[in-house]
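Everything on this sheet refers to the single structure shown next.
Please read all numbers here as calculations on a predicted model, not as lab measurements. As a basis for the values below, the full set of heavy atoms in this structure was taken, side chains included, without hydrogen atoms, waters or symmetry mates. Along the sequence shown, the residues carry numbers beginning at 1.
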Amino acid sequence: LQGELQALEIYPEVDPEPEPEQEEKSLWYVGVLMSCCACLSNSFGYNFVRYAHSKVDHRVAMGDDSAKVMQYWQFPVGWFCSILLCAGLDMIALSFTDPALIAPLSGLTLVLNVWVAQLINKEKVFPLDGAVTALIMSGVIVTIMSGPSAAFPVVDADYLWTQTFRSDFLFYEFLMYGSAIIVQKWCRQVYGDKTEAGIAAGRAAHPKLNQFSPLLFPWVGAIFTAHMNLTIKAFLSYLQGPCGDSEWGVMACFSELGPYFIIVWLLVSCYIQLNAINDGLRTEGALIFVPIKSALNVAQVSLACTTFYQTLDTMDTLQTWRYIVGLLTVIIGITLITLRPVVEEEEPGARVSGGGGLQEGLTPRPPPGGEAAPVERTANQLHDDETI
């Protein structure tokens with residue numbers, strides 16, 4: 001025994017190796033890079049979907065009632081880019097970093113969308129776009145450099161149920177789901193059956209609500225985009241935590257209720273988000289819908305994830321304020337894109353969906369407080385053809 005004690009004094013114990021969680025934190029930049037790629041994929045997807053809808057609108061206006069969006073390859077490819085590819089890249093990003101850290105990167109969708117919309121849909125770009133791009137990028141950089149750095153909590157059954165039924169998170173859910181229901185009702189009043197005639201009638205019948213109609217579909221979409229990000233991170237953490245530690249692996253997780261609850265929550269969020277995005281791109285221009293949704297995405301994803309995971313509690317006061325300032329800079333920059341000038345004359349083949357700020361859309365709007373204008377033969381705003 002004395003010999004063993006002497007050996008311990010001569011050869012002291014070596015400090016253990018750094019924990020895997022600490023090594024994993026150093027790969028946050030991989031999550032940021034993957035999130036940037038997801039934004040690029042999302043931007044192309046939105047514009048492909050918008051392109052297909054504009055083609056169908058043009059054919060319907062010319063009297064071709066057989067026109068369907070699925071007749072254009074841009075529609076399925078667009079949804080593949082916006083849903084499957086973007087979601088896959090987001091899942092990789094979320095596996096490397098905290099969702100609150102990459103939330104402001106939603107603003108990059110707008111920055112990229114300005115140029116992609118010009119490429120695909122021939123939407124006009126203005127000098128304001130360059131200034132807004134610089135403002136958004138500065139906010140993104142500040143937020144990323146000031147984001148949460150603490151190890152992400154282990155998500156197991158106890159953590160999942162505790163966080164889900166916390167009073168502040170339930171209050172947030174009540175507000176968001178309640179507002180989504182109200183906004184969906186407003187959408188039906190303004191957009192009706194989503195045909196040009198139905199939208200024109202809805203706008204004429206609800207002139208005050210019509211002033212804020214471009215905010216409606218993005219609001220619903222952003223709420224459920226936030227829930228989608230929240231649930232993806234929870235599911236990945238569940239797989240990495242309790243499932244990874246169990247000798248039965250992934251199968252052990254599905255013996256509990258938690259993973260099924262997360263999957264259902266995720267599927268519902270994806271479905272509602274998909275419908276809101278599709279309707280928004282169908283009824284508004286890509287350079288109207290995408291900026292507003294991007295601004296709301298930054299706010300909603302940050303709010304949902306910091307509320308559920310209590311991220312701000314792990315940050316000191318200065319770090320928290322830098323993070324909030326960065327987020328507000330991104331949101332303000334994205335909101336400024338709604339001040340884009342009205343496009344009165346366009347080049348051959350150009351579409352007007354980029355101009356006019358919050359009040360300019362692709363669908364017909366009646367004069368404020370007036371009746372819908374009578375149908376007459378005019379130059380089509382979307383195309384260079386003559387249409388009704």
Side-chain angles (χ1 to χ4, degrees), residues 41-88 109 113 116-123 184 187-203 213-214 216-218 220-221 224-225 267-290 292-293 346 348-354 360-365 372 375-388:
S41 172
N42 203 19
S43 182
F44 269 97
Y46 282 167
N47 280 280
F48 278 142
V49 172
R50 177 61 214 160
Y51 180 86
H53 279 304
S54 66
K55 286 291 187 181
V56 170
D57 289 343
H58 172 60
R59 287 175 55 185
V60 170
M62 298 298 293
D64 183 3
D65 294 333
S66 65
K68 305 293 181 183
V69 289
M70 287 303 296
Q71 295 172 349
Y72 296 92
W73 63 265
Q74 288 88 352
F75 187 77
V77 170
W79 281 127
F80 171 80
C81 291
S82 288
I83 301 301
L84 297 180
L85 182 57
C86 181
T109 300
N113 176 74
V116 175
Q118 183 187 29
L119 175 67
I120 296 176
N121 288 306
K122 302 298 185 292
E123 297 186 4
Q184 285 282 36
C187 287
R188 287 192 292 270
Q189 292 176 352
V190 173
Y191 295 103
D193 58 1
K194 302 183 185 68
T195 62
E196 289 198 0
I199 295 172
R203 293 191 191 283
S213 58
L216 301 182
F217 285 122
V220 177
F224 291 95
T225 296
L267 292 176
V268 170
S269 300
C270 289
Y271 176 77
I272 298 176
Q273 177 205 215
L274 176 62
N275 281 335
I277 293 174
N278 187 52
D279 290 338
L281 290 172
R282 180 181 178 183
T283 54
E284 303 290 346
L287 286 182
I288 297 298
F289 175 83
V290 176
I292 297 173
K293 185 175 184 298
E346 71 242 21
R351 296 182 180 86
V352 73
S353 55
E360 183 67 27
L362 284 171
T363 48
R365 297 172 187 259
V375 176
E376 59 182 10
R377 186 170 295 275
T378 62
N380 194 322
Q381 290 182 346
L382 294 178
H383 306 276
D384 295 329
D385 309 299
E386 193 176 67
T387 184
I388 296 299

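Considering only residues two or more places apart in sequence or on other chains, F44 meets the ring-ring contact (aromatic ring centres under 6.0 Å, His included) condition with none of them.
V49 places none of its side-chain heavy atoms less than 4.5 Å from the side chain of Q74. Contact annotation: the side chain of Y46 never approaches that of V116 to less than 4.5 Å [non-hydrogen atoms, C-beta and beyond].
The shortest heavy-atom contact between C86 and S41 is N-OG, 3.8 Å. K293 and G221 get closest at one heavy-atom pair: CE-C, 3.8 Å.
Once rounded to the nearest 0.5 Å, the distance linking CD of Q184 with CG of D279 reads 8.0 Å. Rounding to the nearest 0.5 angstrom, the gap separating the CD1 atom in I120 from the OG atom in S43 is 7.5 Å. Rounded to the nearest 0.5 angstrom, L274 CG and T225 OG1 are separated by 10.5 Å. Taken from CZ in F217 to CG in N275, the straight-line distance is 9.5 Å, to the nearest 0.5 Å. To the nearest 0.5 Å, atoms CG (D57) and CZ (R50) are separated by 6.0 Å. Note that CD1 of I277 is 12.0 Å distant from CD1 of I272, once rounded to the nearest 0.5 Å.
Judged by distance alone, the side chain of Y191 and the main-chain N or O of S213 form a donor-acceptor pair under 3.5 Å. Distance alone, capped at 3.5 Å, is enough to place a donor-acceptor pair between the Q71 side chain and the S66 backbone.
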Begin from the C-alpha positions of F48 and Y72 and carry the test side-chain contact (heavy atoms from CB on, under 4.5 Å) through to its verdict. CA-CA 9 Å; F48 278 142; Y72 296 92; over 6 Å; no
Under the side-chain contact (heavy atoms from CB on, under 4.5 Å) criterion, do H58 and D64 qualify, and how do the steps go? CA-CA 9 Å; H58 172 60; D64 183 3; over 6 Å; no
